[in-house]
A.B. asks: 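The structure follows.
We use all heavy atoms of the structure for the numbers below, so side chains are in, but hydrogens, waters and symmetry mates are not. Naming: A, B, ... by sequence-line order, numbering from 1 per chain.
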Number of protein chains: 2
Amino acid sequence: MQATHDDIFKTLGDPTRRAIFERLARDGEQTVRALTDQSGVSQPAVSKHLGVLKLAGLVRDRPEGRLVYYSAEPQGLAPLIDWMSFYGAFWRDRFDRLENLLDRMDQ
Amino acid sequence: MQATHDDIFKTLGDPTRRAIFERLARDGEQTVRALTDQSGVSQPAVSKHLGVLKLAGLVRDRPEGRLVYYSAEPQGLAPLIDWMSFYGAFWRDRFDRLENLLDRMDQ
DNA sequence: CAAAAACATAACTCACCAGTTATATATTGG
DNA sequence: CCAATATATAACTGGTGAGTTATGTTTTTG
């Protein structure tokens, strides 16, 4: 059930899909129609992207009558955060310190 | 020249390619051969992945005779970090705490 | 209640890209 | 200097997945 960073990377790798997620994260809950109107693709395409985002744990849906409201799932990015913590910050941080050390040795 | 988070996501979206990057980030500089031997794909495939990673600013190469050493590029993940800072705001606290932990572990 | 609107799913197409093998180029070692 | 090794590139193939249109289901509206 818990998505892996592999799922997250694949899911966010598509620009159209990531744009949908970004919109939800920025502007909050939206219907499929609202998302479709500014997506540049058809409504079925948007529905499919939302399905993928949901499988990856990045969005949740709240049906209300014939409308379905989607919103960003905050915890969805956790696996990516974890990955970044290791391969991003962790490693960059060490490199920065090394660079600083080398800079100081140069002087 | 500066890669966008779009490039980064697309580049790291492929598991094989991301595994190569992870290996470089973890274990440091490697030749194409070394990377190939544990990648599960052919040498040309690895070379192609390295080319994509290099275009995305995630790795650098250092030719030495007939060997080419590749290493992770320190600043390569910066666009992704920026993106996360915005869309992963919810988790930034946790992110910071982990960074601090790693800092303390270093000393 | 009929028409329209919202969404999802099915069925299909098409382009892209990750993989392959083959090969060219360059460098090292015996 | 010849054989072997390292890498990159070219040319091709196949699978995947993002897009489409068509349609079914449900719900709202007039």
A.B. asks: Using every non-hydrogen atom in the two residues, find where A:P79 and A:I8 come nearest and quote the distance to one decimal.
C.D. replies: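 A:P79 and A:I8 have their closest heavy atoms at CB-CG1, 4.1 Å.
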A.B. asks: Could you check B:V41, B:L58, B:L50, B:D14 and say which one makes a side-chain contact (heavy atoms from CB on, under 4.5 Å) with B:I20?
C.D. replies: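 Output: one option passes, namely B:L50.
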A.B. asks: Given B:E73, which of B:R60, B:R62, B:K54 fulfils the salt bridge (charged side-chain N to carboxylate O under 4.0 Å, His left out) condition?
C.D. replies: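 Result: among B:R60, B:R62, B:K54, B:R60 is the only option passing the salt bridge (charged side-chain N to carboxylate O under 4.0 Å, His left out) with B:E73.
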A.B. asks: What residues from residues 9-31 of chain A pass a heavy-atom cutoff of under 4.0 Å to DNA chain C?
C.D. replies: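 Here the set is A:T31.
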A.B. asks: Can you measure A:Y69 atom OH to C:dA8 atom P for me and round it to whole angstrom units?
C.D. replies: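 In whole Å, C:dA8 P lies 13 Å from A:Y69 OH.
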A.B. asks: D:dA18 C1' sits how many Å from A:L50 CG, rounded?
C.D. replies: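 The answer, rounded to whole Å, is 14 Å.
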A.B. asks: Over all heavy atoms of both residues, which pair between A:A3 and A:A56 is shortest? Give the atoms and the distance, please.
C.D. replies: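 Taking every non-hydrogen atom into account, CB-O, 3.2 Å.
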A.B. asks: Please find the pair of heavy atoms, one from A:P15 and one from B:K10, that lie closest to each other, and give the distance.
C.D. replies: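 Nearest heavy atoms, A:P15 then B:K10: CG-NZ, 3.7 Å.
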A.B. asks: Hey, could you give me the CZ/CD distance between A:R17 and A:E22, rounded to the nearest 0.5 Å?
C.D. replies: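 So the CZ of A:R17 and the CD of A:E22 are separated by 12.5 Å.
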A.B. asks: Do you know which of B:T31, B:T36, B:D37 makes side chain to side chain donor-acceptor pair (under 3.5 Å) with B:R33?
C.D. replies: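 Single pass found, and it is B:D37.
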A.B. asks: What's the CG-P distance between B:D61 and D:dT9, to the nearest Å?
C.D. replies: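 Answer to the nearest Å: 10 Å.
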A.B. asks: side-chain contact (heavy atoms from CB on, under 4.5 Å), that's the test. Do A:L35 and A:L24 meet it? Break it down for me.
C.D. replies: CA-CA 9 Å; A:L35 292 169; A:L24 290 174; 4.0 Å; yes
A.B. asks: Once you round it to whole Å, what is the distance between C1' of D:dA8 and CG of B:L35?
C.D. replies: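 So the two atoms are 15 Å apart, to the nearest Å.
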A.B. asks: Ignoring hydrogens and geometry beyond distance, is the side chain of A:K48 in donor-acceptor contact with the base of D:dG17 at under 3.5 Å?
C.D. replies: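 Looking at the base of D:dG17, it does not pair with any donor or acceptor on the side chain of A:K48 (distance under 3.5 Å).
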A.B. asks: For nucleotides 23-29 of chain C, give me every protein contact, N/O to N/O, under 3.5 Å, one pair per line with atom names.
C.D. replies:
{"unit_1": "C:dT27", "atom_1": "O3'", "unit_2": "B:R66", "atom_2": "N", "d": "3.4"}

A.B. asks: Looking at the side chain of A:H49, which of C:dG19, D:dA18, D:dT7 is the nearest nucleotide?
C.D. replies: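 For the A:H49 side chain, the nearest candidate turns out to be D:dA18.
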A.B. asks: Whether B:S42 contacts C:dG19 is assessed here as follows: a side-chain N or O lying under 4.0 Å from the phosphate OP1 or OP2. Is that the case?
C.D. replies: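 So the side chain of B:S42 is outside the cut-off, no N or O lying under 4.0 Å from OP1 or OP2 of C:dG19.
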A.B. asks: Rounded to whole angstrom units, what separation is found between the CZ atom of A:R33 and the C1' atom of C:dC7?
C.D. replies: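 So the two atoms are 9 Å apart, to the nearest Å.
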A.B. asks: Pick base, sugar-phosphate or nothing for A:Y70, based on heavy-atom distances below 4.0 Å to the nucleic acid.
C.D. replies: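 Here A:Y70 touches the backbone only, sparing every base.
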A.B. asks: In sequence, state the C-alpha distance, the side-chain angles, and the governing distance for A:D82 and A:H5, and then conclude on side-chain contact (heavy atoms from CB on, under 4.5 Å).
C.D. replies: CA-CA 8 Å; A:D82 291 341; A:H5 66 270; over 6 Å; no
A.B. asks: For the pair made of CG in B:D37 and P in D:dT5, what is the distance, rounded to whole Å?
C.D. replies: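 The answer, rounded to whole Å, is 13 Å.
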